[in-house]
Amino acid sequence: MTFAPLPTHPRVTDPDWQARYKAFGPLISALRRRDFVTDITFDGDTEAITAELPDGGYLRIDTGDEVGDLPDDIDAAIAWRVIRGSGDNPTVRDTVYDSTPDGPDFLNGALLSPLLVAIDTYLGARGLALLTVLDVHPVVVTVTTIHDHGRATYEIRKVFSMASREAARYAWAVAQSLPASFTQQHLSPNWPRYVLADRDRTRVVQVALAELAYSSKATHGPCVCRFTHPQTREEEDQLGQQIADGIKIGDAHGVYLASRRLFTAPQCPARTANAHG
């Protein structure tokens with residue numbers, strides 16, 4: 001798992017720009033994992049996240065309000081809007097995603113998972129995606145417990161191959177099983193999120209893209225990246241042998257897949273979390 005480089009403009013050394021970049025880290029990191037150079041840009045009084053596309057165009061991501069500004073940090077967002085534009089051709093303007101109150105994706109609110117799936121689907125259909133595999137989006141059902149006093153805890157209950165009603169039903173069953181009362185229910189069909197209160201703690205049960213879960217929390221669990229990475233030295237040795245065998249028999253595709261799994265392993269979020277557990 002590799003990341004696109006930072007933008008090349010002088011603002012990257014500006015503490016204010018760095019703070020804004022960090023404030024939207026989960027979304028920006030996901031875009032950079034897709035090999036898009038991603039920036040925080042300013043246009044007059046408006047601020048947005050922009051991701052450079054391989055055709056010279058860009059994605060502009062904002063909250064879709066009249067002001068057009070980004071909130072103080074990503075947790076304060078209530079919706080997202082994604083527009084594809086082109087600096088060379090002003091007639092190119094597609095709405096990729098819109099979860100504002102009047103948008104077609106309004107049930108998703110500020111959730112990042114459906115936003116990223118929409119971007120992958122849109123770009124993949126137009127041959128603009130830089131990743132080899134775009135139709136695989138493993139998801140996890142997670143339980144986050146936030147204590148009034150003490151550290152928050154994070155648990156991955158189950159991994160699913162994709163967002164589905166099955167995953168949503170499982171999340172609902174987990175939420176119902178907890179000894180707590182519901183304070184908020186985010187009823188996006190495939191991306192539900194439940195907030196429950198239990199005396200001195202708050203629990204959040206949700207369905208999220210595995211890439212977001214593993215990259216934002218230190219936890220133990222299997223690799224669910226697009227290319228499954230080795231988690232042990234033995235698995236690394238096995239992949240190395242597969243590469244050697246593939247070279248001998250001329251299996252170029254097998255060598256490519258094994259190489260992707262082996263040589264991007266150091267940046268696998270699950271591998272990093274397990275190494276520190």
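Values below: all heavy atoms of this structure, side chains included; hydrogens, waters and symmetry mates excluded.
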Is there a side-chain contact between Leu31 and Ile119 (heavy atoms, below 4.5 Å)? yes
Check: Thr46 and Arg60 side chains under 4.5 Å, non-hydrogen atoms: yes
Checking Ser29 side chain against Pro26 main chain: does a donor-acceptor pair fall under 3.5 Å? no
Does Trp80 reach the side chain of Pro114, with side-chain heavy atoms less than 4.5 Å apart? no
How many angstroms lie between OG in Ser113 and CZ in Arg193, if you round to the nearest 0.5 Å? 11.0 Å
Test Val195 against Thr202 for side chain to side chain contact (heavy atoms under 4.5 Å, CB included), laying out the working first. CA-CA 7 Å; Val195 181; Thr202 300; 3.7 Å; yes
Can you name the salt bridge (charged side-chain N to carboxylate O under 4.0 Å, His left out) partners of Asp14, sequence neighbours left out? none
Do we see a donor-acceptor contact under 3.5 Å between the side chains of Asp102 and Thr100? no
Short side-chain to backbone donor-acceptor contact, Asp105 and Asn108, under 3.5 Å: no
Heavy-atom pair with the smallest gap, counting every atom of Trp191 and Val117: CZ2-CG2, 4.0 Å
Mind listing the closest non-hydrogen atom pair of Trp172 and Phe182 along with its distance? CZ3-CZ, 3.6 Å
Using the side chain to side chain donor-acceptor pair (under 3.5 Å) rule, take Asp39 and Tyr21 through it: C-alpha gap first, then chi angles, then the decisive distance, then the call. CA-CA 8 Å; Asp39 198 0; Tyr21 206 74; over 6 Å; no
On a heavy-atom basis, the closest approach of Met162 and Ala167 is O-CB, 4.5 Å
Between Lys158 and Val140, does a side chain to side chain contact (heavy atoms under 4.5 Å, CB included) hold up when you go through it step by step? CA-CA 6 Å; Lys158 193 171 183 178; Val140 290; over 6 Å; no
In Thr50, Leu123, Ile49, the residue satisfying side-chain contact (heavy atoms from CB on, under 4.5 Å) with Leu59 is Leu123
Side chain to side chain donor-acceptor pair (under 3.5 Å) between Gln241 and Asp245, worked out: CA-CA 6 Å; Gln241 187 61 51; Asp245 293 343; 2.9 Å; yes
For the side chain of Glu52 and the backbone of Gly57, is there at least one donor-acceptor N/O pair under 3.5 Å apart? no
Give the C-alpha distance, both sets of side-chain angles, the deciding distance and a yes or no for side chain to side chain contact (heavy atoms under 4.5 Å, CB included) between Leu239 and Gln242. CA-CA 5 Å; Leu239 281 176; Gln242 289 179 25; 3.7 Å; yes
Taking the side chain as every heavy atom from C-beta outward, state whether Asp198 and Ser181 have any atom pair closer than 4.5 Å. no
Do the non-hydrogen side-chain atoms of Tyr194 and Val204 ever get within less than 4.5 Å of each other? no
Report whether Val82 and Tyr122 are members of the same hydrophobic cluster (ILVMFWY, side-chain heavy atoms less than 4.5 Å apart, transitive linking). yes
Is there a side-chain contact between Tyr97 and Arg81 (heavy atoms, below 4.5 Å)? no
Hey, is the main chain of Val96 close enough, under 3.5 Å, to the side chain of Asp94 for a donor-acceptor pair? no
Trp17 side chain near Pro15 side chain, heavy-atom distance below 4.5 Å: no
Give a yes or no answer on whether the side chain of Thr13 reaches the backbone of Arg11 with a donor-acceptor pair at less than 3.5 Å. no
Reported CG-to-CG distance for the pair Leu116 and Leu27, which is rounded to 0.5 angstrom: 6.0 Å
Does Leu112 reach the side chain of Ile74, with side-chain heavy atoms less than 4.5 Å apart? yes
Regarding Tyr58 and Arg84, is there a side-chain donor-to-acceptor distance under 3.5 Å anywhere? no
For Leu115 and Leu111 the tightest heavy-atom approach is CB-O, 4.0 Å
Do the side chain of Arg32 and the main chain of Ala4 share a donor and acceptor less than 3.5 angstrom apart? yes
For a side chain to side chain contact (heavy atoms under 4.5 Å, CB included) check, start with the C-alpha distance between Thr142 and Arg157, then their side-chain angles and the critical distance, and finish with the verdict. CA-CA 6 Å; Thr142 64; Arg157 286 292 183 93; over 6 Å; no
Using the six-membered ring of Phe24, assess whether NZ or CZ of Arg20 lies under 6.0 Å from its centre and within 45 degrees of the ring axis. no
